[in-house]
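Note that these values count all heavy atoms, side chains included, but never hydrogens, waters or copies made by symmetry. Below, chains carry the letters A, B, ... as their sequence lines are ordered, and counting in each starts from 1.
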Protein chains: 2
Amino acid sequence: MSDHDSESGLTRGELARATGCNIETIRHYEKIGMLPHPPRTGAGYRIYARSHAARLRFILRARELGFAMKDIRGLLGLEDGTAPTCADVHARTERHLADVRAKIDDLKRIESVLAGTAAKCSGDEVPDCPVLDAITSSFIR
Amino acid sequence: MSDHDSESGLTRGELARATGCNIETIRHYEKIGMLPHPPRTGAGYRIYARSHAARLRFILRARELGFAMKDIRGLLGLEDGTAPTCADVHARTERHLADVRAKIDDLKRIESVLAGTAAKCSGDEVPDCPVLDAITSSFIR
DNA sequence: TGTAGGGTCTGTAGCGGCTACAGGCTCAAG
DNA sequence: CTTGAGCCTGTAGCCGCTACAGACCCTACA
């Protein structure tokens, strides 16, 4: 590109490759305000700086950690426009941690039901199956 | 309703209450073929029999167990139109069980990251936060 | 200098799995 | 006969992307 001077910015595709993010997702995050509008070349190409890459990586890792989009917004200070305090972050993290633990418990219950019924299953070529019976009659929680 | 004779069928609302399912979801499941088209009254009201209720409960419980929609279709014999054999069900269940276990592992990793960083957090009214640092620099898996 | 091929731009539509209307009919109770 | 609840239909919206189509632009090579 015409103004790709030395080690300056990244194109959208380069940012995508650098972060492992889908290229379209970058545009999406910009549209919903998770990423700031980057400057553009004369021809309209987006040019991303290190700060954009850092922010995108932050979002992707928070996502990996299972934070909901609105929590990520909060962590980024996008809700009220001010950087969150450590106390804010702590509260949000504790809440999310509780959710994660609850989900682990749910899944463990599910696991035991599945493991228990699957073990009873003959694996035969018959239509009568203990797993189906278990789904038909078992209650979770 | 005019033909609500003794212990015959349920209306959509009654089925919803009887199963705990959202009333609109019932129509949705019919539309996507998870529930058969029920007979109708002269005025066009759906009338559900015991078999419909049983099938809907099956779907809801399979959903609680975390089965994906296409697996539920399989368990219901909707994929090839024939009742699944015990072997089919077993295979599907084992696959799902593996997914569940993988998800539990993921969440446990997430839990330990969150718990570890949250513990370091002062909870002060400052903007500098170890949780944010952790998200910025930690890699999952 | 021309051209081929990649990359990027925009807007819009689609995914799954529901959920929530609006606007009209029908039913049962008072 | 009226009132209010329930049901009918179709359609639109939700989230968080993802995938186009059709146009433009940039680089490399002949």
Side-chain angles (χ1 to χ4, degrees), chain A residues 1-6 8-35 37-48 52 56 58-76 78-79 99, chain B residues 1-6 8-35 37-48 52 56 58-76 78-79 99:
Chain A
M1 79 195 348
S2 55
D3 29 6
H4 193 298
D5 42 83
S6 52
S8 64
L10 303 170
T11 65
R12 185 152 62 101
E14 286 166 348
L15 179 61
R17 277 190 296 280
T19 57
C21 186
N22 180 299
I23 189 168
E24 290 297 302
T25 303
I26 295 171
R27 200 158 60 100
H28 173 68
Y29 284 161
E30 181 182 335
K31 193 164 59 191
I32 65 173
M34 305 277 295
L35 284 177
H37 297 295
R40 306 269 188 141
T41 67
Y45 283 29
R46 293 169 178 82
I47 328 168
Y48 295 99
H52 293 97
L56 180 53
F58 182 96
I59 294 169
L60 297 176
R61 284 181 203 155
R63 212 174 60 167
E64 278 186 337
L65 286 168
F67 279 99
M69 243 35 199
K70 66 178 176 51
D71 281 317
I72 300 179
R73 278 176 197 279
L75 295 174
L76 287 169
L78 292 174
E79 277 187 345
D99 288 350
Chain B
M1 72 192 359
S2 55
D3 30 7
H4 193 296
D5 42 82
S6 51
S8 64
L10 302 170
T11 66
R12 186 153 61 101
E14 287 166 348
L15 179 61
R17 277 190 297 280
T19 57
C21 184
N22 181 298
I23 189 167
E24 290 299 301
T25 304
I26 295 172
R27 199 157 61 101
H28 173 69
Y29 284 162
E30 180 181 336
K31 192 163 61 191
I32 65 174
M34 305 278 294
L35 284 177
H37 297 296
R40 307 271 187 139
T41 67
Y45 283 29
R46 292 169 178 83
I47 328 166
Y48 294 99
H52 293 97
L56 180 53
F58 183 96
I59 294 168
L60 296 176
R61 285 181 201 154
R63 213 174 61 169
E64 277 185 338
L65 287 168
F67 279 100
M69 241 36 197
K70 66 177 176 47
D71 280 318
I72 300 179
R73 279 177 196 279
L75 295 174
L76 287 168
L78 292 174
E79 278 186 345
D99 288 348

- prompt: For I59(B) and L76(B), what are the C-alpha separation, side-chain angles and deciding distance, and is it a side-chain contact (heavy atoms from CB on, under 4.5 Å)?
  reply: CA-CA 9 Å; I59(B) 294 168; L76(B) 287 168; 3.9 Å; yes
field: Residue pair H52(B), L56(B): steps toward the side-chain contact (heavy atoms from CB on, under 4.5 Å) verdict
entry: CA-CA 6 Å; H52(B) 293 97; L56(B) 180 53; over 6 Å; no
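One atom, CZ of R12(B), and another, P of dA5(D), lie 17 Å apart when rounded to the nearest Å. Summarising the geometry, the separation between NE2 on H37(A) and C1' on dT10(C) is reported as 14 Å, rounded to the nearest angstrom. One can place CZ of R46(A) at 13 Å from C1' of dG7(C), the figure rounded to the nearest angstrom. When rounded to the nearest whole Å, the span between CG of L56(A) and C1' of dC17(D) equals 14 Å. Rounded to an integer number of Å, the gap from CD1 of I26(A) to C1' of dG7(C) is 13 Å. In this structure, the CD1 atom of I23(A) is 8 Å from the C1' atom of dG7(C), given to the nearest Å. Summarising the geometry, the separation between CD1 on I72(A) and C1' on dC17(D) is reported as 13 Å, rounded to the nearest angstrom. One interatomic measurement links the two molecules: CD of E14(A) to P of dT27(D), which rounds to 11 Å at whole-angstrom precision.
Distances from the side chain of A43(A) to the nucleotides dG6(D), dC18(C), dC26(D) place dC26(D) closest. Closest to the Y29(B) side chain, of the nucleotides dG7(C), dC18(C), dT9(D), is dC18(C).
Residues passing the salt bridge (charged side-chain N to carboxylate O under 4.0 Å, His left out) test with R73(A): none are found, sequence neighbours excluded. Residues that satisfy the salt bridge (charged side-chain N to carboxylate O under 4.0 Å, His left out) test with E79(B), not counting sequence neighbours, are R92(B).
Each of A68(A) and Y48(B) was matched to the nucleotide of DNA chain D holding its nearest heavy atom; the match closer to the 5' end belongs to Y48(B).
Using a cutoff of 4.0 Å between basic side-chain nitrogens and carboxylate oxygens, R17(B) and E14(B) are not scored as salt-bridged. Ion pair R27(A)/E24(A) flagged as a salt bridge, since at least one NZ, NE, NH1 or NH2 atom sits closer than 4.0 Å to an Asp/Glu carboxylate oxygen.
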Polar atom pairs between nucleotides 18-21 of chain D and protein, under 3.5 Å, N or O only, would you list them?
{"unit_1": "dT18(D)", "atom_1": "OP2", "unit_2": "T25(A)", "atom_2": "OG1", "d": "3.0"}

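Contact check, R40(B) against dT26(C): no side-chain N or O comes under 4.0 Å of OP1 or OP2.
Side-chain contact between E30(B) and R46(B) is present, with at least one heavy-atom pair separated by less than 4.5 Å.
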